[in-house]
Amino acid sequence: MPDFTPTEMMTIAAARALSNEDVCFVGIGAPSAACNVARLTHAPDVTLIYESGTIGTAPDVLPLSIGDGELCETAVATVSVPEMFRYWLQGGRISIGFLGAAQLDRFGNINTTVIGDYNKPKVRLPGGGGAPEIATSCQEVYITMKQSTRGMVEKIDFFTSFGHGEGGNDRERLGITTKGPTLLITDLAVWKPDPVTKEFTVVSMHPGVTREQVQETCGWKVRFADNVEETPPPTELELKTLRDLQARTEKAHGGKKEA
Amino acid sequence: MPDFTPTEMMTIAAARALSNEDVCFVGIGAPSAACNVARLTHAPDVTLIYESGTIGTAPDVLPLSIGDGELCETAVATVSVPEMFRYWLQGGRISIGFLGAAQLDRFGNINTTVIGDYNKPKVRLPGGGGAPEIATSCQEVYITMKQSTRGMVEKIDFFTSFGHGEGGNDRERLGITTKGPTLLITDLAVWKPDPVTKEFTVVSMHPGVTREQVQETCGWKVRFADNVEETPPPTELELKTLRDLQARTEKAHGGKKEA
Amino acid sequence: MAKFQSLKEAVAENLRDGDTVAFEGFTHLIPHAAAHEVIRQGRKDLTLIRMTPDIIYDQMIGMGLAKKVIFSYAGNPGVGLLRRMRDAIENGWPRAIETVEHSHAAMANAYEAGAAGLPCAVFRGYRGAGLKEVNPAIKSVTCPFTGEELAAVPAHRPDVTFIHAQKANRRGDVLVEGIIGVQKEAVLAAKRAIVTVEEIVDDFEGLHPNLCVLPHWTITSIVHVPGGAHPSYTHGYYDRDNAAYLEWDKISADRDLFTQWMKDNVLAVGSEAFAARVKGM
Amino acid sequence: MAKFQSLKEAVAENLRDGDTVAFEGFTHLIPHAAAHEVIRQGRKDLTLIRMTPDIIYDQMIGMGLAKKVIFSYAGNPGVGLLRRMRDAIENGWPRAIETVEHSHAAMANAYEAGAAGLPCAVFRGYRGAGLKEVNPAIKSVTCPFTGEELAAVPAHRPDVTFIHAQKANRRGDVLVEGIIGVQKEAVLAAKRAIVTVEEIVDDFEGLHPNLCVLPHWTITSIVHVPGGAHPSYTHGYYDRDNAAYLEWDKISADRDLFTQWMKDNVLAVGSEAFAARVKGM
């Protein structure tokens, strides 16, 4: 088993959740790395869409923004941003939306807007961007984030995007027909919502991770599935693909001025 | 003064109403000929838009349909039909909409839908196409048609597109802010709406035309302006431009199979 | 995911009696070959959606396939009236058809709303227009900010959309160029989309990024039918057969002449006949 | 009709204190040179509209030009937070600003509605989202056919829109290529539109018909500013200066450092400085 970091494990576990048939709406950071590792390993035909309007893109390095030039150069087509949000996202064409979170609760509700009160924020975060509609228009939502008690909280300060509300059939009650968050991949574990309560439940822990570590880094009382599996460690190919991608990215984004 | 037909006079009088600053939404038949004669004579910079999505087009021959290939080949840009109707027509970007009519009343209301009852038509005409919104979204509407008591009627059978309703400030009452029909050009005369009643009034008769002829070919009691002018006859250049255009068109549309 | 198949297979697998179907192409790229295959397979009780019914629906209506037509301009462009459609409306021949009539703006917006996954389209339209009185599918919503009353029509959501396009690549992505009409919207609004193309190429290498390309996962079936738009045209391949449009006015004026023409030119031949029709155009 | 003029003239003639203004470009083609000219001319009390405020509005806000920002994602893309915007919101430095916050979908739809001449945009959005509770500009309409409640937001109608584009021709038509974002919509929604371009060419001969071209009669003013998007990029001309985005995180972290940087790099120089900044990129 090769050495790997928890973040690498998180990215690779997320990559594995994607298939050739998926059409993914990709955010920046971890989701982008995961989607491109999938594309470069087991899912060469996965369709990656960035909200800048680039459809079916295949960048050689990870973009720094969701609108880097390479996304357009390698895309099947690049459409306007209104079209992206109307025809492709709202039109129900996206199977998987990837979201990150500053704060997350056990029902997959996400806050990336403010810490503290909205009108007098302690910290003004970037806000939702595409997230409010990604969360409800994609057929499913996958969430990736590193675990911390600051991030995984009992109660989020602001509902940037809706997951399962207070659980159960809260989505249906709002008339939302998509599945919402069906997968949470952290640096320690893989979580899935309980079929009835919709509370995220640990179904797999990454190699060497203990239940105590998962609980210590999570702000709510963690539920574990009856049979918690061990996440298969990264393969040599997965790890090499991710590291090569990151090395290419590092080199490209160092900026030509410094070069 | 060269010889010319009433239809030629009509087309040329319509052409003269256009300027370099105009952005015209062009229908097929007489309006298309008029717009292109304007472009080929005194208004080389007039912008012609066809509802097929072709913006700023400059065809060498008149199209048979509003979507002929040459319209696209010579256009500044060709956009989708939803964009054409949303951004360009509804967006208020068109200064002049040209409309023809199967039936017209004295207030510029047009019928191209049915003769007789809508549900049991005597004659099912093509319908409105773009006309209902051209009539209300263009800054002004110019109407061209040949006079006949069948066409210029006391009461139209169907309101395909709205002119001045029953006159006066009917447009304002419906919340319509555009001017509506401001010019009617027939094979016999030029008409403008009375500033107050909005009834079409003859302001100019084509060379050799009498008041009796205008009245005989019109189904309502015709109002004449205090000073009815004589339409200046076609110039040599205007006539040559129109006839050359029509000759080129005839040749192109005869169809290559017969050629 | 796009399947490459024959027109016969594509129609047989995807279009059922009673379906709501759109054949789009705004003057340009009208999918005539596909319509002829549908006529040969004898589909019944179709609801036909199309901005400009044109010759293509005149033929389908005249052959009795349609129970309802949703449209905005029923003319033979630049020529005159659609005589088979008129005969069905005025005289019920060969069967009575229901019509749902809109303006172009409403139809274009309804496709746009369908592609956008919305239940209805909202636009500024039909002010003072008579269609509001005769078409119950025209309603309104009020702008919650200004109080303005805007028109609303149901989104188009066809069971099947047929279009004709210039090219597909081997993955099944489709390129539409020139007068692109409402084709992208009609495809994205539909449950299933069938595309006939002039040409299948290896890849779209070198294509400008902002062109109208429909990714393979938006298409159900791709069929190679050179000339498949005739007598409409395909930008970059062949011109509009204006003479055929003029000729249609005569053929369609008479029920017997029409019936015989359809037998000879549609029922008795296959979609491979289209290639010859555009030779030299 | 587009006038060709200097950036100084274009800003002086078209932008007034108190105006509502959009500087658009989705990561690509952000009109930095135009923003710097506005800062030099010291416009006040602006309402700034932009999906992603980015460095461009961080600078304008930090220099005290803005009284209100309408936005959907206030981050330094791929880097982190916008520190000058945060300082204004959290601490009122250099002045308090009002914020009107939307989702990307809402902002994109609001531009689309502005271009389409509508008073509001209607879309399926904000379901279960907290912004509905804190932004009174988010309302709803009910679909008259299905009863579904849809989100509605006011259309964007800026007094002035600034964009940067690849090319203008001598007539004043403008070509935008690559990631086209909401630029066409932002221009068509605005009362006046100012476009900085990399290059002015004689004509657009040979251009594909379906590209994003804004005709000259939709543009108020065209200004030739090579490099005018830096540190954003212009597809076909120069790449994104990612290092500058990373560096901004440090500059903007400190009020004094920021102020000094703005003096040296904005106030003391002219728009001709941009060409040098993209040399070799």
Side-chain angles (χ1 to χ4, degrees), chain B residues 28-29 51-54 62-69 71-73 78-86 89-90 109 111 113 118-137 158-163 165 170-171 174-176 252-258, chain C residues 25-28 51-52 71-82 85-86 89-90 99 101-109 111-112 115 123-131 133-134 148-149 178-185 212 233 235 239-247 280-281:
Chain B
I28 284 302
E51 65 198 4
S52 53
T54 49
L62 295 174
L64 183 62
S65 79
I66 40 70
D68 277 20
L71 295 175
C72 173
E73 281 154 23
T78 298
V79 301
S80 76
V81 166
E83 180 180 324
M84 176 51 65
F85 281 93
R86 285 179 74 81
L89 180 60
Q90 182 179 269
N109 303 299
N111 173 24
T113 304
Y118 183 79
N119 291 305
K120 292 216 163 236
K122 256 185 274 177
V123 184
R124 173 66 237 199
L125 300 168
E133 284 76 20
I134 290 172
T136 54
S137 288
F158 191 87
F159 265 60
T160 304
S161 66
F162 193 78
D170 261 17
R171 288 177 76 86
L174 286 180
I176 304 170
H253 291 177
K256 294 185 184 165
K257 277 191 171 167
E258 270 100 40
Chain C
F26 201 85
T27 307
H28 180 214
M51 293 185 69
T52 58
F71 73 102
S72 47
Y73 183 84
N76 180 344
V79 179
L81 303 168
L82 287 180
M85 186 165 169
R86 271 189 68 183
I89 295 172
E90 296 171 12
T99 57
E101 186 169 1
H102 281 292
S103 66
H104 276 355
M107 290 288 283
N109 274 286
Y111 277 120
E112 203 274 349
F123 63 107
R124 185 180 293 114
Y126 287 129
R127 291 181 302 176
L131 282 178
E133 322 296 330
V134 297
E148 182 180 351
E149 191 181 305
I179 291 178
I180 54 178
V182 292
Q183 278 96 306
K184 182 189 254 189
E185 289 76 13
C212 179
Y233 71 104
H235 191 109
D239 288 340
R240 192 170 188 268
D241 188 351
N242 285 321
Y245 275 85
L246 293 165
E247 199 189 351
M281 301 277 315

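Just so it is clear: chains get the letters A, B, ... in the order the sequence lines come, proteins before strands, and each one is counted from 1.
Of all the listed residues (C/E112, C/R86, C/M85), the one sharing the greatest number of non-hydrogen pairs under 4.5 Å with chain B is C/R86. Taking B/G67, B/S80, B/G69, B/G129 one by one and counting their heavy-atom pairs under 4.5 Å with chain C, the maximum is reached by B/G129. Chosen from C/G128, C/G178, C/A129, the residue pairing most often with chain B at heavy-atom distances under 4.5 Å is C/G128. Put simply, of B/S52, B/P82, B/S161, the one with the most heavy-atom pairs under 4.5 Å next to chain C is B/P82. The candidate from B/V81, B/V123, B/L71 with the greatest count of non-hydrogen atom pairs under 4.5 Å with chain C is B/V81. Ranked by heavy-atom pairs shorter than 4.5 Å toward chain B, the options C/H102, C/R124, C/Q183 are led by C/R124. Of all the listed residues (C/C212, C/S72, C/P77, C/A105), the one sharing the greatest number of non-hydrogen pairs under 4.5 Å with chain B is C/A105. Between chain B and the residues C/A108, C/G80, C/A106, the largest count of heavy-atom pairs under 4.5 Å involves C/A108. The candidate from C/T52, C/T99, C/V182, C/V79 with the greatest count of non-hydrogen atom pairs under 4.5 Å with chain B is C/V182.
When all heavy atoms of B/P121 and C/I89 are compared, the pair lying nearest together is CG-CG2, 4.0 Å. Smallest separation of non-hydrogen atoms from B/E133 and C/S103: OE1-OG, 2.9 Å.
With a threshold of 4.5 angstrom between heavy atoms, C/Y233 approaches chain B through side-chain atoms but not through N, CA, C or O. Using a 4.5 Å cut-off between heavy atoms, C/M51 touches chain B through its side chain atoms alone. Interface residue C/R127: backbone and side-chain heavy atoms are both found under 4.5 Å from chain B. Contact of B/F85 with chain C is made through the side chain alone, with heavy-atom distances under 4.5 Å. Heavy atoms closer than 4.5 Å to chain C are found in both the backbone and the side chain of B/D68. Heavy-atom distances place the backbone of B/K122, and not its side chain, under 4.5 Å from chain C. For C/L82, no part sits under 4.5 Å from any heavy atom of chain B, backbone or side chain.
A donor-acceptor pair is defined here as one N or O able to donate and one able to accept, closer than 3.5 Å; no such pair exists between the side chain of B/Y118 and the backbone of C/V134.
We find the NE2-CD distance between C/H104 and B/E51 to be 4.0 Å, quoted to the nearest 0.5 Å. Taken to the nearest 0.5 Å, the SG atom of B/C72 stands 7.5 Å off from the NE2 atom of C/H28. Going from atom CG of B/L64 over to atom CG of C/N76 covers 8.0 Å, rounded to the nearest 0.5 Å. Note: C/I179 CD1 to B/T54 OG1 = 5.5 Å, rounded to the nearest 0.5 Å. B/S65 contributes atom OG, which lies 8.5 Å from atom CZ of C/F26 (distance to the nearest 0.5 angstrom). In this structure, the separation between CD on B/Q90 and CG on C/N109 is 6.5 Å, given to the nearest 0.5 Å.
Side-chain contact between B/E73 and C/H235: present, with at least one pair of heavy atoms (C-beta onward) separated by less than 4.5 Å.
Residues that satisfy the side chain to side chain donor-acceptor pair (under 3.5 Å) test with B/T136, not counting sequence neighbours, are absent from this structure. In this structure C/Y73 satisfies the side chain to side chain donor-acceptor pair (under 3.5 Å) test with no other residue, sequence neighbours excluded.
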